[in-house]
Amino acid sequence: YTAQVGENRGQLPIGGADIWNYQGKAGEIVTIRLLADKPADEATYAQRLELGLLDTTMFVIAPDGSLLAYNDDAEGEEATTNSAVEALELPLDGQYRIHVTSYGGENEGGYKLVIEVLEAP
C-alpha cells in the first residue's frame, strides 16, 4: 500500500501483515501512529480473540533496509495496545516501509495508520 501524510485505513487478517510504503526525505521528522478500530488495551487474551480486539505492532524500515524504529505499545498516560513512533527523524531520501502486524499474529481487525510531518527538510 502507499501511505500518505494523514490517515490511511487498513484491515489485518489473523496471522497477516500490511506493508505501507512512505516516500520520505532526509531530515524529515515524522510521528507515525497505528490505531486499532477496536484496541485490545486491558482485555484478556480470551477476550481479545472473542471480541475481535486488535493489539498492534509496527516496524519502520529505512530505504537501505535497516530497522529504523519498532513499537508495540505506545507510551502515554493510559495503557494502550496501539503503537506509535514519536518524532522520528528520517536519515535518507527514499521509500520507507512501515510493517503493520498484530502482536503475535493472533488478532485481526481494522486500523488507522496516521502519519504526521512535524518538520520538513
Side-chain angles (χ1 to χ4, degrees):
Y1 304 107
T2 300
Q4 304 296 326
V5 171
E7 187 177 302
N8 303 272
R9 295 280 317 154
Q11 178 74 31
L12 276 178
I14 290 178
D18 286 344
I19 299 175
W20 292 86
N21 297 307
Y22 175 72
Q23 196 64 33
K25 300 270 187 204
E28 185 174 27
I29 299 175
V30 298
T31 290
I32 305 170
R33 290 186 179 85
L34 183 54
L35 308 170
D37 292 347
K38 296 192 306 188
D41 293 342
E42 297 181 18
T44 66
Y45 177 76
Q47 289 170 326
R48 291 176 186 199
L49 297 178
E50 180 183 331
L51 302 173
L53 305 177
L54 181 59
D55 181 353
T56 64
T57 302
M58 171 175 47
F59 300 85
V60 180
I61 309 297
D64 65 1
S66 65
L67 176 64
L68 188 58
Y70 162 81
N71 188 262
D72 174 28
D73 296 334
E75 299 291 325
E77 294 178 17
E78 297 182 27
T80 182
T81 55
N82 286 322
S83 305
V85 176
E86 306 278 344
L88 177 66
E89 184 170 353
L90 304 183
L92 305 166
D93 286 348
Q95 184 171 279
Y96 289 79
R97 293 187 320 271
I98 304 165
H99 291 241
V100 172
T101 65
S102 65
Y103 184 77
E106 300 167 335
N107 309 112
E108 65 181 328
Y111 66 88
K112 292 186 287 193
L113 176 70
V114 181
I115 300 174
E116 178 184 359
V117 175
L118 304 177
E119 187 175 313

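For clarity, every value in this text was computed on a predicted model and none was experimentally measured.
Gln95 is linked by a side chain to side chain contact (heavy atoms under 4.5 Å, CB included) to Asn21, Gln23, counting only residues two or more places apart in sequence or in another chain. In this structure Asn107 satisfies the side-chain hydrogen bond (donor to acceptor under 3.5 Å, both in side chains) test with no other residue, sequence neighbours excluded. Partners of Asp93 under the salt bridge (Lys or Arg N to Asp or Glu O under 4.0 Å) rule, at least two apart in sequence or in another chain, do not exist in this structure. Listed by chain and number, the residues in a side-chain hydrogen bond (donor to acceptor under 3.5 Å, both in side chains) with Gln47 are Thr44 (sequence neighbours excluded). Applying the side chain to side chain contact (heavy atoms under 4.5 Å, CB included) criterion to Ala87, with sequence neighbours excluded, gives Ile29, Leu118. Qualifying side chain to side chain contact (heavy atoms under 4.5 Å, CB included) partners for Thr2, counting only residues two or more places apart in sequence or in other chains: Gln4. When the side-chain hydrogen bond (donor to acceptor under 3.5 Å, both in side chains) test is applied to Ser102, no partner is found at least two apart in sequence or on another chain.
Among pairs with a residue in residues 28-40, those fulfilling salt bridge (Lys or Arg N to Asp or Glu O under 4.0 Å) read Arg9-Asp37, Arg33-Glu86, Arg33-Glu116, at least two apart in sequence or across chains. Sorted by first and then second residue, the side chain to side chain donor-acceptor pair (under 3.5 Å) pairs involving residues 61-72 (not counting sequence neighbours) are Thr57-Asp72, Asp64-Ser66.
By the 4.5 Å side-chain criterion applied to Ile, Leu, Val, Met, Phe, Trp and Tyr, Leu53 is assigned to a cluster that also includes Leu51. Taking a 4.5 Å side-chain heavy-atom cut-off between Ile, Leu, Val, Met, Phe, Trp and Tyr, the cluster of Leu35 extends to Val114. With side-chain heavy atoms closer than 4.5 Å counting as contact, directly or through intermediates, the hydrophobic cluster containing Tyr1 also holds Val5, Leu12, Trp20, Tyr22, Val30, Ile32, Leu34, Leu54, Met58, Val60, Leu68, Val85, Leu88, Leu90, Leu92, Tyr96, Ile98, Val100, Tyr111, Leu113, Ile115, Val117.
Of all the heavy atoms in Gly10 and Asp18, the pair that sits closest is CA-OD2, 4.3 Å. The nearest pair of heavy atoms linking Pro91 to Ala26 is O-CB, 3.6 Å. In terms of heavy-atom proximity, Gly105 sits nearest to Ile14 at O-CG2, 3.6 Å.
Going from atom CZ of Arg97 over to atom CD1 of Ile19 covers 7.0 Å, rounded to the nearest 0.5 Å. Note that the OG1 atom of Thr31 and the CD atom of Glu119 stand 11.5 Å from one another [nearest 0.5 Å].
A donor atom on one side chain and an acceptor atom on the other are not found under 3.5 Å apart for Thr81 and Asp73.
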